[in-house]
Amino acid sequence: MLGPFLVGVGVMCGISVVLAVMMVIADATIANYGTVKVKINKDKELEVDGGRSLLSTLMEEQIFIPSACGGRGSCGMCKVKVLDGAGDLLPTELPMLSADEKKQNVRLACQCKVKKDYSIEIPESLFNVKEYQVTVASLTDLTYDIKKVSLKFKPGDEINFKAGQFVQFGVPEYELTPEPVYRAYSVASSPFVKDALELEIRLVPNGICTTYVFKYLKEKDNVTINGPYGDFFLRDSERDIVFIAGGSGMAPIRSMLYEMKQNNNQRKAMYFFGARAVKDLFQVDEMRQFEKDLPNFRYIPALSAPDPGDNWEGDIGLITEVVAKYVESGSNVEAYLCGSPGMIDACIKVLKSKGVPEDLIFYDKFA
Amino acid sequence: MTENGWMAFSILIAAIFTDNILLTNYLGMCSFLSVSKEIKTATGLGTAVVFVMTCTTVINWLVYYYILMPLDLGYLYFIVFIVVIAAFVQLVEMIVERVSEPLYYSLGIFLPLITVNCAILGACLFMIIRNYGFLSSLAYGFGAGVGWALAITCMAGIREKMAKVKGKIPKGLEGAGITLIIAGIMALAFIGFSGTMNIR
């Protein structure tokens, strides 16, 4: 009775063992990519274990490429210029890349696996990007739909950023997202305060991060952020500055104004803040204070549709009309825009018609 | 050629044309329907199936006649065959990922699903039921794989052409519906080969 049982089990085990050994060998040979080198910007070289995605390989080396979806290839943010090593474009990358990007060898870092030596190009500023565990110091309602989120770093941690740059805010999994996601927000506070950050977040119906911030985020909560990112910052020049931003687009401009104040910047500057009605205005007192601190700065709020009881005496009209009224000649102007794509495109048109050189119009479009 | 050789040759041809495992036995339909949108991916999956089918029929033949039969363990053959196939598919997956990443990503989940592609287990079982010798089994495994690859590539060709004439297909038949009808017509067409070769 025992004999056939043992034979049967023995044979089955034997076959399984042989196959398992075969798979172990295969895993150590075929699926083993060994150590590979990743060359960054043609000078820095990293030795890494092959076989994983470029995004997670770099993250392991403390180089954070912006990514909102966490490597599923659905956000298209982790674009990196790969000079060598990535092979052909993958079907999962195609929908995210424009024809121009394809020509320039731009790839999605989350989809390319590092199997042989890589050579990539990333903006220098990304080396400064780190991940931070922060706590919520306070939440303040700025208007009915914009909240100011103040974050405090752990003792010893500090962030170095340029005014105008953004950080990514980590949202844990909750009813609107089955997995943690990151969303980008411009820093609204002074770059000279390094152990705290302020973000200005506007409620977007069904927005994953904004809903989370408005519904669940409380004081003393822990939040993961990483940053800073972006090339939207004040350029060094003697030109007059035109800022245009409404709503939560105020954030990077506010940070820039803090920077100007600290550096005692004497450049002539105008800030056009577009809003619908008085109830959409916020931090007006702060802006008026900047007018006192910065001798050549003017804050120009404009309402497009004031409510009947608003008693508004300032400018009325679309922000483009107000900009056109105040900016006489654009030849000595440099412009910084932050807001929705529609608003930015319309403003660029107006600024160009006033003679502002196109390459001196900098903007941060809400995606 | 020897008699064995002739038999293996006729089985090879028969497995591709007259007794195409997909079009006469209707095995391996799920990936046939899902991965037949593009010729490139279809031939990729087809090649993987040819490789897995050839190797697994050979190995399973050896295991069956040299291990299971002498020990009177014929009743274990389902489980043994499945395990061998699974190990092979894993191997193929590693190879494809190493060799061609675009193919790896376009095959997606259907590559691991070859494990339970009924055409592959079917080929192994047919070779046992029909009492094929070693050479015939090799020919049958390879032929059945090529037959399957041929069918899915033809289907992909037809579907690629079909995708260019949008709007001509009745709404209710779009997608799987029209594909199944085409598969039926292809099966009818393959009947035209019957009688030229005999599988048994």
Side-chain angles (χ1 to χ4, degrees), chain A residues 1-34 36 50-54 71-74 82 85-97 102 107-116 118, chain B residues 35 37-42 44-45 48 51-52 55-56 59-112 115 124:
Chain A
M1 188 61 221
L2 205 59
F5 171 77
L6 285 179
V7 172
V9 173
V11 166
M12 201 56 224
C13 291
I15 291 173
S16 304
V17 166
V18 170
L19 292 174
V21 168
M22 195 178 86
M23 295 322 297
V24 169
I25 295 171
D27 190 52
T29 53
I30 300 173
N32 181 4
Y33 298 96
V36 291
R52 286 166 312 152
S53 75
L54 183 59
R72 286 178 304 154
S74 59
V82 178
D88 293 339
L89 277 170
L90 303 174
T92 42
E93 295 176 276
L94 292 175
M96 298 291 169
L97 300 173
K102 283 175 201 163
R107 306 290 299 260
L108 291 190
C110 67
Q111 299 298 308
C112 295
K113 281 205 174 156
V114 183
K115 294 175 171 178
K116 47 186 179 181
Y118 256 60
Chain B
V35 192
K37 286 196 190 81
E38 276 174 49
I39 293 183
K40 216 175 136 197
T41 47
L45 188 67
F51 180 74
V52 173
C55 296
T56 51
I59 294 174
N60 283 336
W61 191 92
L62 295 172
V63 169
Y64 187 78
Y65 286 106
Y66 286 99
I67 300 175
L68 297 185
M69 287 323 275
L71 293 171
D72 222 8
L73 291 173
Y75 59 87
L76 277 182
Y77 75 142
F78 277 17
I79 186 167
V80 170
F81 286 5
I82 289 283
V83 171
V84 169
I85 293 169
F88 246 85
V89 171
Q90 181 76 70
L91 196 66
V92 170
E93 197 189 4
M94 286 178 185
I95 295 173
V96 171
E97 192 184 354
R98 175 126 204 168
V99 176
S100 169
E101 211 159 324
L103 181 61
Y104 179 76
Y105 279 94
S106 36
L107 292 181
I109 189 65
F110 291 101
L111 192 52
T115 316
C124 294

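Chain identifiers are assigned alphabetically (A, B, ...) following the order of the sequence lines, protein sequences preceding nucleic acid strands; residue numbering begins at 1 within each chain.
Only the side chain of B:Ile67 comes within contact range of chain A, with at least one heavy atom under 4.5 Å from a heavy atom of that chain. In this structure, no portion of A:Glu93 lies under 4.5 Å from any heavy atom of chain B. With a 4.5 Å cut-off on non-hydrogen atoms, B:Val84 touches chain A through its backbone and its side chain both. Interface residue B:Leu76: only side-chain heavy atoms are found under 4.5 Å from chain A. The contact between B:Ile79 and chain A is made by backbone and side chain atoms together, counting heavy-atom distances below 4.5 Å. Looking at A:Ile15, the atoms closer than 4.5 Å to chain B (heavy atoms on both sides) all sit in the side chain, from C-beta outward.
Listed here is the closest heavy atom pair of A:Ala26 and B:Leu91: CB-CD1, 3.4 Å.
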(request) Just do the side-chain contact (heavy atoms from CB on, under 4.5 Å) check on B:Asp72 and A:Val7 with the steps written out, would you? (result) CA-CA 9 Å; B:Asp72 222 8; A:Val7 172; over 6 Å; no
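No more than 12 heavy atoms of other residues, nucleotides or ligands sit less than 6.0 Å from atom CZ of B:Phe78. Within 6.0 Å of CZ in A:Phe5 there are 12 or fewer heavy atoms belonging to other residues, nucleotides or ligands. Within a 6.0 Å radius of NZ in B:Lys37, no more than 12 heavy atoms belonging to other residues, nucleotides or ligands are found. In this structure, A:Lys102 places its NZ atom where more than 12 heavy-atom neighbours from other residues, nucleotides or ligands lie under 6.0 Å away.
Near-neighbour residues of residues 16-24 of chain A relative to chain B, defined by a heavy atom under 4.5 Å from a heavy atom of that chain, comprise A:Leu19, A:Met22, A:Met23.
Expressed to the nearest 0.5 Å, how far CE of B:Met94 lies from CG of A:Asn32 amounts to 10.5 Å.
Residues A:Met12 and B:Leu73 are not in side-chain contact: their nearest non-hydrogen atoms beyond the backbone lie 4.5 Å or more apart.
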